[in-house]
2 protein chains.
Amino acid sequence: MLQTKPLCVCEITNVLRLAASTVSQHLKILKEAGFIIEEKDGKWVNYLINPRPGDPRISSFLTSLDFWIAEEALIISDKKKVMESDRNIICAK
Amino acid sequence: MLQTKPLCVCEITNVLRLAASTVSQHLKILKEAGFIIEEKDGKWVNYLINPRPGDPRISSFLTSLDFWIAEEALIISDKKKVMESDRNIICAK
DNA sequence: TCTATATTTCGTCCAACAACGAAATGAATA
DNA sequence: TATTCATTTCGTTGTTGGACGAAATATAGA
């Protein structure tokens, strides 16, 4: 999903239908592993693919990952939801 | 380990120190997923990397896997054990 | 300051998985 | 044929991990 565009926690919960606490946990793990980084944006925290991973294996993994799952129906569906999602409609009320 | 050379169940148990039933289970899963194949050899069953995977993602994965873990101390150690292991000494008594 | 919204932290619960031993199966050989 | 060794199957157990809700924290704006 983050390969489509940077996302905040609430946008991800909206696509995956998981609790915010669950999504936050997963993002924390991905961040500590070096796959993603976060950027504070006021009330929100944007998460995005780490543009400059310290470990070249991370870049390699992300490229391969895309190749492995890009054709999965569920992945296509989730990516589509990401592209259509608008934080201002989904998150704030 | 199978990227080093084909192995039978008892050689793998000897390196990993796991029960034969455990190793057999794992190999079954890898076989059903298309990563490895088996070749009967009398009393033994040799397992080896699938030389002609139906799904190109499998070849891709195996190549990447090697890149990701080749430098891990545990992997190096296990590969060394594999290279030194001799079925006739380890398995039969 | 008070409120609303986003996020994180924490503790708990449940499901999935890894590993095991015992018993069954298969194959070579005494 | 009986025995031995390799392997597989099956049922059980303990551990890990995922998901959750509640409570705490952070930020923007009324």
Side-chain angles (χ1 to χ4, degrees), chain A residues 1-2 4-50 61 65 68-69 72 74-75 77-78 81-82 84-93, chain B residues 1-2 4-50 61 65 68-69 72 74-75 77-78 81-82 84-93:
Chain A
M1 289 164 64
L2 294 182
T4 304
K5 70 175 183 186
L7 297 167
C8 65
V9 174
C10 64
E11 285 175 294
I12 297 174
T13 62
N14 186 263
V15 172
L16 299 181
R17 298 290 162 188
L18 293 171
S21 57
T22 302
V23 172
S24 179
Q25 259 311 93
H26 282 226
L27 291 169
K28 185 186 179 186
I29 292 166
L30 289 170
K31 187 178 67 176
E32 287 175 356
F35 288 89
I36 62 177
I37 61 172
E38 66 173 54
E39 285 178 354
K40 297 238 164 137
D41 177 17
K43 193 162 53 173
W44 290 289
V45 179
N46 289 323
Y47 285 94
L48 51 146
I49 300 288
N50 186 347
F61 179 84
L65 183 68
W68 296 327
I69 66 177
E72 299 284 329
L74 187 56
I75 301 300
S77 161
D78 285 347
K81 283 181 195 162
V82 168
E84 290 166 354
S85 90
D86 180 348
R87 176 182 305 174
N88 294 311
I89 295 171
I90 291 165
C91 302
K93 188 161 326 179
Chain B
M1 287 165 64
L2 294 182
T4 305
K5 70 175 183 187
L7 297 167
C8 64
V9 173
C10 64
E11 287 175 293
I12 297 174
T13 62
N14 186 264
V15 172
L16 299 181
R17 298 289 162 189
L18 293 172
S21 57
T22 302
V23 171
S24 180
Q25 257 313 92
H26 281 227
L27 291 169
K28 185 185 178 186
I29 292 166
L30 289 170
K31 186 178 66 177
E32 286 174 357
F35 288 90
I36 63 178
I37 61 172
E38 66 173 53
E39 284 178 355
K40 297 240 162 131
D41 176 18
K43 194 162 52 175
W44 291 288
V45 179
N46 289 322
Y47 284 94
L48 51 145
I49 300 288
N50 186 347
F61 180 84
L65 183 69
W68 296 328
I69 67 177
E72 299 284 328
L74 188 56
I75 301 301
S77 161
D78 285 347
K81 283 181 195 162
V82 168
E84 291 165 353
S85 90
D86 180 347
R87 175 183 306 175
N88 295 311
I89 295 171
I90 291 165
C91 300
K93 185 156 334 172

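What you are looking at is a predicted structure, and each value in this text was computed from that prediction instead of being measured. In what follows, chains are A, B, ... by sequence order, proteins preceding strands, each numbered from 1.
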Hey, which sits more toward the 5' end of DNA chain C by its nearest nucleotide, A/Trp44 or B/Ser21? A/Trp44

Of all the choices, [options], which nucleotide is nearest to the side chain of [X] once you look at every atom?
{"X": "B/Val45", "options": "C/dA6, D/dT9, D/dT7", "answer": "D/dT7"}
{"X": "A/Ala20", "options": "C/dT7, C/dC20, C/dT9", "answer": "C/dT7"}
{"X": "A/Ala19", "options": "C/dC20, D/dG21, C/dT8", "answer": "D/dG21"}
{"X": "B/Gln25", "options": "C/dA6, D/dT9, C/dA19", "answer": "D/dT9"}
{"X": "A/Val9", "options": "D/dA6, D/dG21, C/dT7", "answer": "C/dT7"}

Minimum heavy-atom distance A/Gly34-A/Asn50, with the two atoms named: O-ND2, 3.1 Å

Given atom [atom1] of [X] and atom [atom2] of [N], what is their separation to the nearest angstrom?
{"X": "B/Leu27", "N": "D/dT9", "atom1": "CG", "atom2": "P", "value": "12 Å"}
{"X": "B/Leu30", "N": "D/dT8", "atom1": "CG", "atom2": "C1'", "value": "16 Å"}
{"X": "B/Leu7", "N": "D/dT7", "atom1": "CG", "atom2": "C1'", "value": "15 Å"}
{"X": "B/Ile29", "N": "D/dC10", "atom1": "CD1", "atom2": "P", "value": "14 Å"}
{"X": "A/Asn46", "N": "D/dT27", "atom1": "CG", "atom2": "P", "value": "14 Å"}
{"X": "A/Arg17", "N": "D/dG18", "atom1": "CZ", "atom2": "P", "value": "21 Å"}
{"X": "B/Leu18", "N": "C/dC17", "atom1": "CG", "atom2": "C1'", "value": "14 Å"}
{"X": "A/Lys28", "N": "D/dG17", "atom1": "NZ", "atom2": "P", "value": "14 Å"}

For the residue pair B/Trp68 and A/Phe61, categorise the inter-ring angle as parallel (less than 30°), tilted (30 to 60°) or perpendicular (more than 60°). tilted

Separation of A/Thr22 OG1 from A/Arg17 CZ (nearest 0.5 Å): 14.0 Å

Does a side-chain N or O of [X] approach OP1 or OP2 of [N] to a distance below 4.0 Å, or not?
{"X": "B/Thr22", "N": "C/dC20", "result": "yes"}
{"X": "A/Tyr47", "N": "C/dT8", "result": "yes"}
{"X": "A/His26", "N": "D/dA19", "result": "yes"}

Find out if the SG atoms belonging to B/Cys91 and B/Cys10 lie under 2.5 Å from one another. yes

Classify the nucleic acid contact of A/Lys40 as base, sugar-phosphate or nothing, counting any heavy atom under 4.0 Å across all strands shown. nothing

Using only atom types and a distance under 3.5 Å, with no angle test, would you say the side chain of B/Glu11 pairs donor to acceptor with the backbone of B/Cys8? yes

DNA chain D: B/Arg87 or A/Lys43, which has the more 5' nearest nucleotide? B/Arg87

